[in-house]
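Okay, structure first, notes after.
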Amino acid sequence: MTKKYFIAGNWKMNFSPAQAESFAEKLVEKIPRDTISEVVIAPHFLSLQKIADITKSSSIKLSAQNAYHRDEGAFTGEISANMLKNIAKYVILGHSERRHIFSEDNKLISQKVDAVIRSGMKPILCVGETLLERRNNETSRVLHDQVSSGLRGLTSQEVAKTVIAYEPVWAIGTGDIAKPDQVASAIAKIRGNISALYGLDVADKCRILYGGSATASTAGGYLLIEGVDGLLIGGASLKLSSFSQIVATADKLTQQNEA
Ligand code: PGA
């Protein structure tokens with residue numbers, strides 16, 4: 001059976017609540033209800049509940065952009081996985097902006113992955129090397145550390161449900177293009193790490209996305225790379241035409257694969 005592509009838009013800290021909600025309304029009209037791909041958007045916390053109502057009877061699913069690992073308590077400014085569980089299906093964790101701007105380390109990210117799984121949602125765990133790490137030939141080690149620590153303590157079943165996004169830090173929001181062989185090799189490494197820990201079957205079931213400056217014109221090429229199960233899109237998900245075009249491309253490729 002051909003896997004459905006997973007196309008996720010990470011809106012980051014963009015759009016006012018009114019803009020986010022109006023964008024979501026337009027997206028509901030634009031993305032066909034019978035879309036083949038799994039389409040996910042990650043708006044900021046302020047609009048999540050409202051957008052959950054807007055997308056309720058559409059094919060679009062929701063992700064949060066972050067969550068705290070404790071269920072409740074004196075954690076000023078944080079939102080727990082428990083608070084999100086009836087609103088979103090996924091939570092993006094370990095995004096490079098969280099790792100590098102907000103100093104989140106592998107241990108904290110692993111606790112957050114646990115909390116998201118415990119709450120019944122699914123994590124979209126982001127991993128990826130910086131430019132310096134790539135230049136120092138540390139890509140394999142970094143991916144291994146981020147994957148093994150991010151998934152630590154999970155059962156095979158939980159890992160199989162986890163989505164992993166390979167996002168080389170140097171390609172995020174920079175317009176720098178990761179070459180197909182770089183993406184294929186990193187994704188093979190990630191799948192190899194999962195396979196070594198949980199077996200081939202689990203590694204195969206786990207969806208692994210690529211993310212980093214993907215656009216409507218490069219999406220098709222990335223989706224055709226061996227091992228790529230979908231895309232995590234930042235900038236290009238903020239434009240109606242480019243995001244819907246990426247979804248249409250993914251659907252078309254699935255139909256071609258099935259034919
Ligand atoms: P970008 O962001 O597509 O703007 O590079 C991707 C991401 O950060 O998930």
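Just so it is clear, the structure is predicted and the values come from calculations on it, not from any experiment. Computed from heavy atoms alone, side chains included, the values below leave out hydrogens, waters and symmetry copies.
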With distance as the sole criterion, is a donor-acceptor pair present between the side chains of T35 and D251 under 3.5 Å?
yes
Would you please classify the geometry between the W11 ring and the F23 ring as parallel, tilted or perpendicular, with 30° and 60° separating the classes?
perpendicular
Looking only at side chains, do T130 and E133 share a donor and an acceptor under 3.5 Å apart?
yes
Does a salt bridge link R207 with E38, judged by any charged N lying under 4.0 Å from a carboxylate O?
yes
So is R98 actually on top of F102's ring, under 6.0 Å and inside 45° of the axis?
yes
Qualifying residues under side-chain hydrogen bond (donor to acceptor under 3.5 Å, both in side chains), relative to K30, sequence neighbours excluded:
none
Would you kindly say whether R99 and N106 are connected by a side-chain donor-acceptor distance under 3.5 Å?
yes
List in chain and number order the residues that pass ring pair (Phe, Tyr, Trp, His ring centres under 6.0 Å) with F6, two or more places apart in sequence or in another chain; answer none if no residue qualifies.
Y90
Salt bridge or not for R141 and E138, using N-O below 4.0 Å?
yes
For Y210, which of V183, D229, I233 qualifies under side-chain contact (heavy atoms from CB on, under 4.5 Å)?
V183
Going by atom types alone, do S96 and E167 pair a side-chain donor with an acceptor below 3.5 Å?
no
The side chain to side chain donor-acceptor pair (under 3.5 Å) partner of Y166 among Q146, Q182, E129, K189 is E129
Please tell me whether S58 and T55 have a donor and an acceptor in their side chains that are separated by less than 3.5 angstrom.
no
Is any side-chain heavy atom of V147 closer than 4.5 Å to one of L125?
no
